[in-house]
Amino acid sequence: MKFGIIVFPGSNCDRDVDTVTRGILNQPTRFVWHQETDIADLDVVVVPGGFSYGDYLRCGAIARFSPVMKSVVEHARQGKYVLGICNGFQVLTEMGLLPGALIRNRDLHFICDRVPVRVENTDSVWTRGYQSKSVINLPIAHGEGRYYASEDTLKELEDNGQVLFRYCSIDGEIDEVNNPNGSLNNIAGIVNREGNVLGMMPHPERAADSLLGLTDGSPLFKELIATASR
């Protein structure tokens, strides 16, 4: 499985993803400069975290117009995989590849922490490596990570099982106390209707190396690779 990692001016988690896909999991990986348009060789496109274009206007608002993103849309339409992490999730919502929006955190503060996250749906290619309703720990680092959508959109996401990750307590309880940024329904990650596009605010790539003492993000990448190899 070949991974491509989009690099915008201001990206800062692209190397983190490469360390996991190429360095730890030995998968072919290449960096894709945002002005490129030919990504036909890729199986998975990762839109990484960071501060694309300095987060001017609002997070992801400028990156959506980069030439490569038209190719990412076509990549998704072909049923290939797209993973947007943190700023990447923001970009995917700006483009309409995922519904809703990411807005300023409830307390208007930048949050950098490790938080418990509950795996909501293990029928997805992204989460088959986890146990249903299991609680994992993942890092977050964002100022605009509060998921927002209309009531109709939220209902559709819930009814279709598109919510894959939810902020929770260490015991898996879903409540406002254990919602770090105020996301509606404690949403931390969602997929599109087809299931091939995932956006999430927590960073699985920062929790996939045993040297860091946290590997709860590894199953996401490993199961994706295993599924493609079957």
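None of the values given here were measured: they were computed from a predicted structure. We use all heavy atoms of the structure for the numbers below, so side chains are in, but hydrogens, waters and symmetry mates are not.
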Can you measure from [atom1] ([X]) to [atom2] ([Y]) and round to the nearest 0.5 angstrom?
X	Y	atom1	atom2	value
Leu184	Glu151	CG	CD	9.5 Å
Arg206	Ile140	CZ	CD1	11.0 Å
Leu25	Lys222	CG	NZ	6.5 Å
Ile190	Ser124	CD1	OG	12.0 Å
Asn192	Gln162	CG	CD	7.0 Å
Lys133	Asn121	NZ	CG	8.0 Å

Query raised in the report: Among Thr127, Ile187, Val117, which residue meets the side-chain contact (heavy atoms from CB on, under 4.5 Å) test with Leu164?
Result: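 Of the listed residues Thr127, Ile187, Val117, the side-chain contact (heavy atoms from CB on, under 4.5 Å) partner of Leu164 is Thr127.
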Shortest non-hydrogen contact from [X] toward [Y]:
X	Y	result
Leu42	His75	O-CE1, 3.3 Å
Asp216	Asn137	OD2-N, 2.7 Å
Leu154	Ala149	CD1-O, 3.9 Å
Leu214	Pro139	CD2-CD, 4.2 Å
Asp18	Ile5	N-CD1, 3.5 Å
Gly49	Cys86	CA-CB, 4.2 Å

Query raised in the report: After noting the C-alpha distance and the side-chain angles of Leu157 and Asn185, does the key distance pass the side-chain contact (heavy atoms from CB on, under 4.5 Å) rule?
Result: CA-CA 11 Å; Leu157 289 172; Asn185 293 16; over 6 Å; no
Between [X] and [Y] (side chain of the first, backbone of the second, donor and acceptor by atom type, cut-off under 3.5 Å), is there such a pair?
X	Y	result
Ser66	Val68	no
Lys80	Ala40	yes
Asn196	Ala76	yes
Arg146	Arg106	no
Asn178	Tyr167	no
Gln90	Glu144	yes
Ser71	Asp38	no
Arg118	Gly172	yes

Report task. For side-chain contact (heavy atoms from CB on, under 4.5 Å), just list the numbers for Phe3 and Ile225, CA-CA rounded to whole Å, side-chain angles, deciding distance to a tenth of an Å, and then say yes or no. Result -> CA-CA 10 Å; Phe3 288 80; Ile225 295 167; 4.1 Å; yes
Query - Test item: side-chain donor near acceptor, Ser52 and Asn87, under 3.5 Å - result: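 There is such a pair (donor and acceptor under 3.5 Å, judged by atom type) between the side chains of Ser52 and Asn87.
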Query raised in the report: Asn181 and His142: side-chain donor and acceptor closer than 3.5 Å?
Result: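 Their side chains do contain a donor-acceptor pair, which is all the 3.5 Å distance test asks for.
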Ring-plane angle category for [X] and [Y], please: parallel below 30°, perpendicular beyond 60°, tilted otherwise.
X	Y	value
Trp126	Tyr81	perpendicular
Phe89	Tyr147	parallel
Phe165	Tyr130	perpendicular

Less than 4.5 Å apart, any side-chain heavy atom of [X] and any of [Y]?
X	Y	result
Arg30	Val32	yes
His203	Asp16	no
Val20	Asp209	no
Gln131	Val119	no
Phe31	Arg15	yes
Tyr148	Thr93	no
Met69	Phe8	yes
Ile174	Cys168	yes

Query raised in the report: Is the shortest side-chain N to carboxylate O distance from Glu223 to Arg128 below 4.0 Å?
Result: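 No, this pair does not count.
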Report task. Under the side-chain contact (heavy atoms from CB on, under 4.5 Å) rule, what do Leu83 and Val17 come out as? Steps first, then yes or no, please. Result -> CA-CA 11 Å; Leu83 170 60; Val17 176; over 6 Å; no
Query raised in the report: Does Val46 share a hydrophobic cluster with Phe51, counting links as ILVMFWY side-chain heavy atoms below 4.5 Å and allowing steps through other members?
Result: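 Not linked; separate clusters.
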Query raised in the report: Do Trp33 and Val45 belong to the same hydrophobic cluster, where Ile, Leu, Val, Met, Phe, Trp and Tyr are linked whenever their side-chain heavy atoms lie under 4.5 Å apart, directly or via other members?
Result: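 As far as the 4.5 Å side-chain criterion goes, Val45 and Trp33 are connected within one cluster.
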Requested in this report: Check the pair Asp171, Val135 against side-chain contact (heavy atoms from CB on, under 4.5 Å), reporting the backbone distance first and the verdict last.
Outcome: CA-CA 7 Å; Asp171 297 317; Val135 177; over 6 Å; no
Query raised in the report: Are there more than 12 heavy atoms of other residues, nucleotides or ligands under 6.0 Å from atom CG of Leu108?
Result: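 Yes.
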